[in-house]
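Numbers restart at 1 for each chain; the letters A, B, ... are given by sequence-line order, proteins then strands.
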Number of protein chains: 2
Amino acid sequence: MWLRIEARSSIPVYQQVVDGVKSAVAKRLLQPGDRLPAVRDLATELTVNHNTVQKAYQELEREHVIEVVRGKGTYISRNPSIPNERERREALYKEMVRWVIEAHHLRIRDDELLKLLRTAMQDIHQGGDEGAMNGDHCRGSRELDEDV
Amino acid sequence: MWLRIEARSSIPVYQQVVDGVKSAVAKRLLQPGDRLPAVRDLATELTVNHNTVQKAYQELEREHVIEVVRGKGTYISRNPSIPNERERREALYKEMVRWVIEAHHLRIRDDELLKLLRTAMQDIHQGGDEGAMNGDHCRGSRELDEDV
DNA sequence: CCGTGTGTACTAGTCAATGTGGTACACATG
DNA sequence: CATGTGTACCACATTGACTAGTACACACGG
């Protein structure tokens, strides 16, 4: 599956679902037009309440990542527009500043941080599963993926 | 002041205080040995409860950003060690993967994202000269070393 | 020793977000 | 109409953040 939930995580379940779908789209594991599981089906599979899944789908629809057809199903958007683009760009930038600060306190130098970002980009574009980090992030750490 | 709180933000107040202090340290607005306001004073100034400020100070002490002397005051650490370095590095990397995904959905190209990061770095280091960031790489984790 | 300023600890309570469980409704398709 | 889909409620429990108030512990200078 292209989605795995960590029940122990402090991140809300619905947020994990949102992130998981967006991640799968970025990795092209989900293509435009692909159908997502029904709300209740996915809820059963993840052993969470259907309302929780629905909240995730609602959020994904607000972000135009998916499209919903009542009575039929939910699908990955074909021509996604970008709502709240300005705010989201600003939020992204704020997060980046935040982690530059964190990097400073971890004594990570600027060039190391840039290298880390390049590694993250490769991780996404090569379709791996983001879960596995083997601890050596300073050079390109490529740990191989799961099964399908 | 080196600290401003947004009451409307979804980010908890105590977290904003933690981030604010760490940011000021990274920007060298606060130097090692500098004294922070008393818990109650800062609480009054920010119009929050003293317990909230204390929670922030506690967190900062856990991260060895500040040092606390009972009955005297709190001070920016002189020789900060790095607790939980490995976990924090992994958390940082996970966050970076999130950026890449978000950037994809914002149609931000890789080179743009790298440029954004460079800008964020300049925002932090602006004006100040940054001399001695030591060349400590992944392996070099400092060992704890105590007191004032 | 005492007063003052400091950090710390504890209890009680409010509020909002999250998640569950259940029920009911709306729409599309065959 | 039956079925599978998304949607909309409701009541409830749990958790984290925050407020409010009180009390204690320690350092320092009279």
Worksheet item: How long is the line joining CZ of Arg35(A) and P of dG4(D), in whole Å?
Response: 12 Å

Item to complete: Between Pro12(A) and Gly73(B), name the one whose nearest nucleotide on DNA chain C is closer to the 5' end.
Response: Gly73(B)

Item to complete: May I ask whether Tyr93(A) and Leu117(B) are part of the same hydrophobic cluster, defined by side-chain heavy atoms of I, L, V, M, F, W, Y residues being less than 4.5 angstrom apart, directly or through others?
Response: yes

Worksheet item: Does anything in residues 43-57 of chain B reach DNA chain D, meaning a heavy atom under 4.0 Å, and if so which residues?
Response: Val48(B), Asn49(B), His50(B), Asn51(B), Thr52(B), Lys55(B)

Worksheet item: For the pair made of CD1 in Ile11(B) and C1' in dA17(D), what is the distance, rounded to whole Å?
Response: 14 Å

Worksheet item: Okay, side chain of His105(A), backbone of Val65(B): is any donor-acceptor separation there less than 3.5 Å?
Response: no

Pairs under 3.5 angstrom, nitrogen or oxygen only, protein versus nucleotides 26-30 of chain D, please.
none

Discussion item. Tell me the interatomic distance from Gln58(B), atom CD, to dC18(D), atom P, rounded to whole angstroms.
Written reply: 14 Å

Item to complete: In whole angstrom, give the distance that lies between atom CZ of Arg8(B) and atom C1' of dC18(D).
Response: 19 Å

Item to complete: Could you tell me whether a side-chain N or O of Gln16(A) sits under 3.5 Å from a main-chain N or O of Ile11(A), the two making a donor and an acceptor?
Response: yes

Worksheet entry | Start and end of the DNA chain C segment that chain B contacts, any atom under 4.0 Å from a heavy atom | dG5(C) to dC10(C)

Worksheet, complete the sentence: Rounded to whole Å, the CD1-C1' distance (Ile66(A) to dT5(D)) equals 13 Å

Worksheet item: CZ of Arg40(B) versus C1' of dT22(D): gap in Å, rounded?
Response: 11 Å

